[in-house]
Number of protein chains: 2
Amino acid sequence: MFVSADDVSDTSATIADRIFDRLRQAIVEGEIPPGSKISEPVLAARYGISRGPLREAMRRLESTNLVDRKPNVGARVITLSSDQLLEIYVIREALEGMAARLAAQQMSDAAIADLQQLLAQHRSEVARDGQTYFQQEGDLDFHFRIVQGSGNRRLIDILCNDLYHLARMYRCQFGMKSDRVRDAIKEHELIADAIAEHDGELAEWLMRRHIRLSRRAVERRLVAENSGQSVSTFRSRH
Amino acid sequence: MFVSADDVSDTSATIADRIFDRLRQAIVEGEIPPGSKISEPVLAARYGISRGPLREAMRRLESTNLVDRKPNVGARVITLSSDQLLEIYVIREALEGMAARLAAQQMSDAAIADLQQLLAQHRSEVARDGQTYFQQEGDLDFHFRIVQGSGNRRLIDILCNDLYHLARMYRCQFGMKSDRVRDAIKEHELIADAIAEHDGELAEWLMRRHIRLSRRAVERRLVAENSGQSVSTFRSRH
DNA sequence: TCAGGATAATCTGTCGACAATCAGCGCATG
DNA sequence: CATGCGCTGATTGTCGACAGATTATCCTGA
């Protein structure tokens, strides 16, 4: 019934930390459907633990905005709305734009070479078999590296521990068969070039434009799909 | 020994939520000194509660990066470093710049009028009795309103629930006798004017410059104070 | 005198149980 | 027939207690 630990390390010291990772993954990948109520007793029984660590994990999930809690009532998995998706794009535009600027100023030559090698791999992949789902993960990989390259620990924390999980959640819920991969790859290359030339100003501008274009593409898809039916809340595919 | 609930509402339904608010305030205001170890039994006894709710509150504090936890060892209040302070300024530059742009596009006329009235009040205050500490809170007030005006809920959440508490914590630890208040007020007015004219582009540019200048001022103060002694970690005034 | 190891005390992590609160449901009543 | 009320069942919030781990202490020996 549950996809058993495909690649998660799950080697933390405490149960609460492990259960937090597993729950986050389960929520992000849609295993626990959006909007569903989370019952502490059944979850604790399912994972074979007590309610104490589970509640601590829930508190962390609440902090990262993956679940919504009401006192004395319980917790529900958040229901993704198109509004919130667009809000995330706006924040990513600001934050990753800054990350690109910092990366251009600070990234080591070795890291830049790695980045460009990753891009070459992406290019060959997309040339080989078009727009596959894996490409989407590759996109996150690219952004992930640039954020890491910024060297700003709190920036890395916000992006990698909150927003990227949200982004992955949206992609798992939606099909996300982006018809924009070729353009996106090209934009990635421009950004990488700007970083390679240590042009922070340009790197930020290009990154912001890149994310803005992605957001517009999603926006168009939303209004296209949304003709007549509300996509504001997703079907709960239990 | 403890400043008893000066203005915190503390009317949440659950103990864990109340204790989270109180602990956060205590940490931010330096009541629990930076770097000090947090012992669950003594804190629980001090607040007259059990360890369960306390641990849930600690998990939330961990998520907001106000405490640092090591498994089987315990939690310590974070020690503020000048590096991290500068990192926060960088993030604020990106995020609040975007907030100013959005606010210029979306803020209602009434909210804009309120904002300008707040600025007028600040101006009169700073003209009356120079650079008071209270002025610093007024600065946060101004930024707070613009972030609220952006209408982006997640942006508001990140800024108001994480970064502003950190900023307040730095101000409580440092003396923060800013000699920049007059310039800052002027910059605030320019930003408010841009918002009033619904010029998002300009508002973002001005806000980013404003925060960048504030960061540079802090930077200068740091290197000035730091001549000979490390300010990287603060004295623990137990 | 100082290094090293064994012991003890304390603390964290986890669990099961009790009490308070809320959602759902049936029933009475206008 | 619709609506308000009380009851029941289950769930959440909270507590105290136990097990494992870590830190501090003290004793021994070189």
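Quick note on labels: first sequence line is chain A, next is B, and so on, each numbered from 1.
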Asker: Holding to side chain to side chain contact (heavy atoms under 4.5 Å, CB included), I want the full list of residues that pass it with A/S50, two or more places apart in sequence or in another chain.
Answerer: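 Expected list: A/P53.
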
Asker: Nearest whole angstrom, please: distance from the P of D/dG13 to the CD1 of A/I38.
Answerer: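 Interatomic distance, CD1 of A/I38 to P of D/dG13: 13 Å.
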
Asker: Rounded off to whole Å, could you give me the CG-to-C1' distance for the B/L43 and C/dC11 pair?
Answerer: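 So the CG-C1' distance, B/L43 to C/dC11, works out to 13 Å.
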
Asker: B/Y164: what forms a ring pair (Phe, Tyr, Trp, His ring centres under 6.0 Å) with it, not counting sequence neighbours?
Answerer: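 So B/Y164 forms no ring pair (Phe, Tyr, Trp, His ring centres under 6.0 Å) with any residue.
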
Asker: Name all residues meeting the salt bridge (Lys or Arg N to Asp or Glu O under 4.0 Å) criterion together with B/R215; count only those two or more places apart in sequence or in a different chain, and write none if there are none.
Answerer: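 Counting only residues at least two positions away or on another chain, B/R215 forms no salt bridge (Lys or Arg N to Asp or Glu O under 4.0 Å).
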
Asker: With heavy atoms under 4.0 Å as the rule, sort A/A13 into base, sugar-phosphate or nothing.
Answerer: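 No contact.
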
Asker: I'd like to check the side chain to side chain contact (heavy atoms under 4.5 Å, CB included) partners of B/A113; sequence neighbours left out, ordered by chain and number.
Answerer: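 Testing B/A113 for side chain to side chain contact (heavy atoms under 4.5 Å, CB included), a comparison that skips the adjacent residues, returns none.
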
Asker: Among residues at least two apart in sequence or on other chains, which ones pass salt bridge (Lys or Arg N to Asp or Glu O under 4.0 Å) with A/R76?
Answerer: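 A/R76 satisfies salt bridge (Lys or Arg N to Asp or Glu O under 4.0 Å) with no residue once adjacent residues are dropped.
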
Asker: Whether B/K37 contacts C/dT12 is assessed here as follows: a side-chain N or O lying under 4.0 Å from the phosphate OP1 or OP2. Is that the case?
Answerer: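 Indeed, a polar side-chain atom of B/K37 lies that close.
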
Asker: If you pin B/V42 and A/A16 to their nearest nucleotides in DNA chain C, which one's is more 5'?
Answerer: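 Between the two, 5'-proximity favours B/V42.
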
Asker: How does each nucleotide of nucleotides 16-25 of chain D score, in 5' to 3' order, for protein heavy atoms under 4.0 Å: base (B), sugar-phosphate only (S), or none (-)?
Answerer: BB----SS--

Asker: Could you give the CD1-to-P distance, from B/I19 to D/dG13, as a whole number of Å?
Answerer: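 Answer to the nearest Å: 16 Å.
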
Asker: Round to the nearest Å and state the distance from A/I15 atom CD1 to C/dG13 atom P.
Answerer: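 After rounding, the gap between these two atoms is 11 Å.
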
Asker: Under 3.5 Å, is there a donor-acceptor pair between the side chain of A/Y170 and the main chain of A/L85?
Answerer: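 A pair under 3.5 Å: yes.
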
Asker: If you round to the nearest 0.5 Å, how far is CZ of B/R59 from CD of B/E56?
Answerer: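 Those atoms lie 10.0 Å apart.
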
Asker: Of all residues at least two apart in sequence or in a different chain, which pass the salt bridge (Lys or Arg N to Asp or Glu O under 4.0 Å) check with A/R145?
Answerer: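 Scan of A/R145 (salt bridge (Lys or Arg N to Asp or Glu O under 4.0 Å), adjacent residues dropped) gives none.
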
Asker: By the salt bridge (Lys or Arg N to Asp or Glu O under 4.0 Å) test, which pairs, at least two apart or in different chains, include something from residues 87-98 of chain B?
Answerer: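 As it turns out, the salt bridge (Lys or Arg N to Asp or Glu O under 4.0 Å) pairs with a partner in residues 87-98 of chain B, which skip direct neighbours, are A/R153-B/E87, B/R92-B/E96, B/E93-B/R208, B/E93-B/R212.
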
Asker: Take the protein atom CZ of A/R69 and the nucleotide atom C1' of D/dG13, then report the distance between them rounded to whole Å.
Answerer: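 After rounding, the gap between these two atoms is 9 Å.
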
Asker: How close or far is atom C1' of C/dT14 from atom CD of B/E40, stated in whole angstroms?
Answerer: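 Nearest whole value for this atom pair: 12 Å.
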
Asker: Tell me which residues in residues 53-62 of chain A put a heavy atom below 4.0 Å from DNA chain C, sorted by number, or none.
Answerer: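 Going residue by residue through residues 53-62 of chain A, the ones with a heavy atom under 4.0 Å of DNA chain C turn out to be A/P53.
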
